[in-house]
Amino acid sequence: MSYVLESKSEFDRLEHQSGLSPYDYQRELALSGLPPLQEGMRLLDAGCGSGVLARHLARQHSGCSVVGCDISEIRVHQAQDAARDLPNLHFEVRDLARLDYPEGHFDIIICRYVLQHLPQESRSAALAGLHRCLKPGGSLVAVDFDGGFLNLHPQPTSWLQEALRNLETRFPVDLRIGRKLPHLFALAGFSETHWRIDVLEWRDELLAQERALLDGRMLALEPVLAAVLGSTAEAQRFRTEYLAALDTPGCVLFYNKFIVTGLKPSHP
């Protein structure tokens, strides 16, 4: 497994993004239906990125032990540097598809915008591993978008329409992962799975913010887009035409944010 946006500057992008209201992790936690956190609990931020959520959890729940793990060594070092004042938090390099934490180790696991990056076989292994290292009665919360990039209208040119179809089927990020999560939770053995779909409508100032984020993502993803679309020139054309579509009067862009919570049964 690898992270398609890997770079040292990705830390700054993630930190900036987390401060924008559509990516509000505190709202996601509130909508997740998690029970109140108790002193002594062990919490895992699985695929922690910059560590912003793990830092929040460690500050708000100083009596809990918080671990952040990520496959990126760069990201883990950066996250640790940003959390030196938090003795109840540490970060580790881990591949979610090969988790080696002890069985029944964590009370709560939160996994935000991560499963979309895993290929299908690794996704199943990751969910099985997360289920294994949860305590009986523990909860997993996963947050992922459904329809990112794709839920755009108008798509003014036939070329852009075809490029988006290629993106949906060949991109290494699953842009329709959200709708799949409840079933994947059930297959992994979670019970009492429930979910909330938070519709994010990008308009006015929010559209301008997301446009800037998308522009940065497409620049960072140019080699990946080139592999999907056939060449660097095609990747650059995609960026130009996609941004032009966002500037079209009456443009509609929306994502469905799935916030899915599953309980590990207390008894086999």
Step by step, would you call Arg123 with Ile177 a side chain to side chain contact (heavy atoms under 4.5 Å, CB included)?
CA-CA 10 Å; Arg123 191 184 303 153; Ile177 183 64; 3.6 Å; yes
Have Gln17 and Tyr113 got a donor and an acceptor in their side chains that come within less than 3.5 Å?
no
How close do Leu181 and Leu115 get, counting heavy atoms only, and between which atoms?
CD2-CD1, 3.7 Å
Please tell me if the side chains of Lys264 and Leu140 come closer than 4.5 Å, counting only heavy atoms from C-beta onward.
no
Are Ile197 and Phe185 grouped together when hydrophobic residues (ILVMFWY) are joined by side-chain heavy atoms under 4.5 angstrom apart?
yes
CE of Met41 to CD1 of Ile108, rounded to nearest 0.5 Å, is 5.5 Å
Considering all heavy atoms of both residues, which atom of Leu14 and which atom of Gly49 are nearest to each other, and what is their separation?
CD1-CA, 4.0 Å
Going by heavy atoms in the side chains, are Val67 and Glu92 under 4.5 Å from each other?
yes
So which atom in Cys69 and which in Leu44 form the shortest heavy-atom distance, rounded to 0.1 Å?
SG-CD1, 4.0 Å
With a 4.5 Å cut-off on side-chain heavy-atom distances among I, L, V, M, F, W and Y, is there a chain of contacts connecting Leu243 to Leu219?
no
Output yes when Asp247 and Arg211 qualify as a salt bridge under the 4.0 Å nitrogen-oxygen rule, no when they do not.
yes
Using the six-membered ring wherever Trp is involved, compare the ring planes of Tyr242 and Phe238 and label them parallel, tilted or perpendicular (cut-offs 30° and 60°).
tilted
Separation between SG of Cys64 and CG of Leu57, rounded to the nearest 0.5 Å:
8.5 Å
Look at the side chain of Arg132 and the backbone N and O of Leu99, then say whether any donor-acceptor pair between them is shorter than 3.5 Å.
yes
Would you say the side chain of Ile71 lies within less than 4.5 Å of the side chain of Leu96, judging by non-hydrogen atoms?
no
Spell out, as yes or no, whether a donor-acceptor pair under 3.5 Å connects the side chain of Gln80 to the backbone of Phe91.
yes
Would you check, one step at a time, whether the test salt bridge (Lys or Arg N to Asp or Glu O under 4.0 Å) holds for Arg196 with Glu28?
CA-CA 9 Å; Arg196 165 73 179 262; Glu28 293 164 6; over 6 Å; no
Between CD1 on residue Ile109 and SG on residue Cys133, distance to nearest 0.5 Å:
4.0 Å
Given Leu214 and Leu253, is the side chain to side chain contact (heavy atoms under 4.5 Å, CB included) satisfied, shown in steps?
CA-CA 12 Å; Leu214 285 167; Leu253 178 68; 4.1 Å; yes
Taking atom CD1 of Ile259 and atom OG of Ser32, what is their separation to the nearest 0.5 Å?
7.5 Å
Examine Leu20 and Phe254 and state if one hydrophobic cluster contains both, with Ile, Leu, Val, Met, Phe, Trp and Tyr joined whenever side-chain heavy atoms are less than 4.5 Å apart.
no
Identify the two heavy atoms, one from Gly178 and one from Pro182, that lie closest to each other, and give their separation to 0.1 Å.
O-CD, 3.7 Å
When you look at Arg42 and Tyr101, which way does the side chain to side chain contact (heavy atoms under 4.5 Å, CB included) test go after all the steps?
CA-CA 12 Å; Arg42 294 192 186 111; Tyr101 292 113; over 6 Å; no
Output, in order, the C-alpha distance, side-chain angles, deciding distance and verdict of salt bridge (Lys or Arg N to Asp or Glu O under 4.0 Å) for Asp100 and Arg94.
CA-CA 8 Å; Asp100 57 359; Arg94 289 287 191 280; 2.9 Å; yes
Joint cluster assignment, Leu263 & Phe190, ILVMFWY side-chain distance < 4.5 Å:
no
Do Arg59 and Asp85 sit within salt-bridge range, that is, some charged N less than 4.0 Å from a carboxylate O?
yes
Determine whether Leu150 and Val252 fall in the same hydrophobic cluster, where Ile, Leu, Val, Met, Phe, Trp and Tyr are linked whenever their side-chain heavy atoms lie under 4.5 Å apart.
no
Check: Arg13 side chain, Leu213 main-chain N or O, donor-acceptor pair, under 3.5 Å:
no
Quick one: does Arg55's side chain get under 4.5 Å of Leu89's, heavy atoms only?
yes
Taking the side chain as every heavy atom from C-beta outward, state whether Ile110 and Leu43 have any atom pair closer than 4.5 Å.
no
Tyr23, Trp202, Phe149 screened by ring-ring contact (aromatic ring centres under 6.0 Å, His included) with Tyr255, the one that passes:
Trp202
Validation row: Cys111, Leu127 side chains within 4.5 angstrom (heavy atoms)
no
Should Ile74 and His77 be marked as a side chain to side chain contact (heavy atoms under 4.5 Å, CB included) after you check the CA-CA gap, both sets of side-chain angles, and the distance that decides it?
CA-CA 5 Å; Ile74 295 172; His77 289 313; over 6 Å; no
Of Asp198, Thr261, Val141, which meets side-chain contact (heavy atoms from CB on, under 4.5 Å) against Leu31?
Asp198
Reported CD-to-SG distance for the pair Gln155 and Cys251, which is rounded to 0.5 angstrom:
10.0 Å
Here the gap from Leu225 atom CG to Phe171 atom CZ, rounded to the nearest 0.5 Å, amounts to 5.5 Å
Would you say NE2 of His194 has more than 12 non-hydrogen atoms from neighbouring residues, nucleotides or ligands within 6.0 angstrom?
yes
Regarding Arg112 and the six-membered ring of Tyr25, is the cationic atom NZ or CZ under 6.0 Å from the ring centre and inside 45° of its axis?
no
When you look at NE2 of His16, are more than 12 heavy atoms from neighbouring residues, nucleotides or ligands closer to it than 6.0 Å?
no
Are Gln116 and Leu175 packed together at the side-chain level, in the sense that at least one heavy-atom pair is separated by less than 4.5 angstrom?
no
Residues, nucleotides or ligands: over 12 heavy atoms within 6.0 Å of Glu121 CD
yes
Please report the shortest heavy-atom distance between Pro223 and Ala220, naming the atom on each side.
CD-O, 3.8 Å
Answer yes if the side chains of Arg75 and Gln78 hold a donor-acceptor pair under 3.5 Å, and no otherwise.
yes
Contact summary for Ala227 and Arg170, nearest pair of heavy atoms
O-NH2, 3.4 Å
Would you say that Val228 contacts Glu234 through its side chain, given a criterion of any heavy-atom pair below 4.5 Å between the two side chains?
no
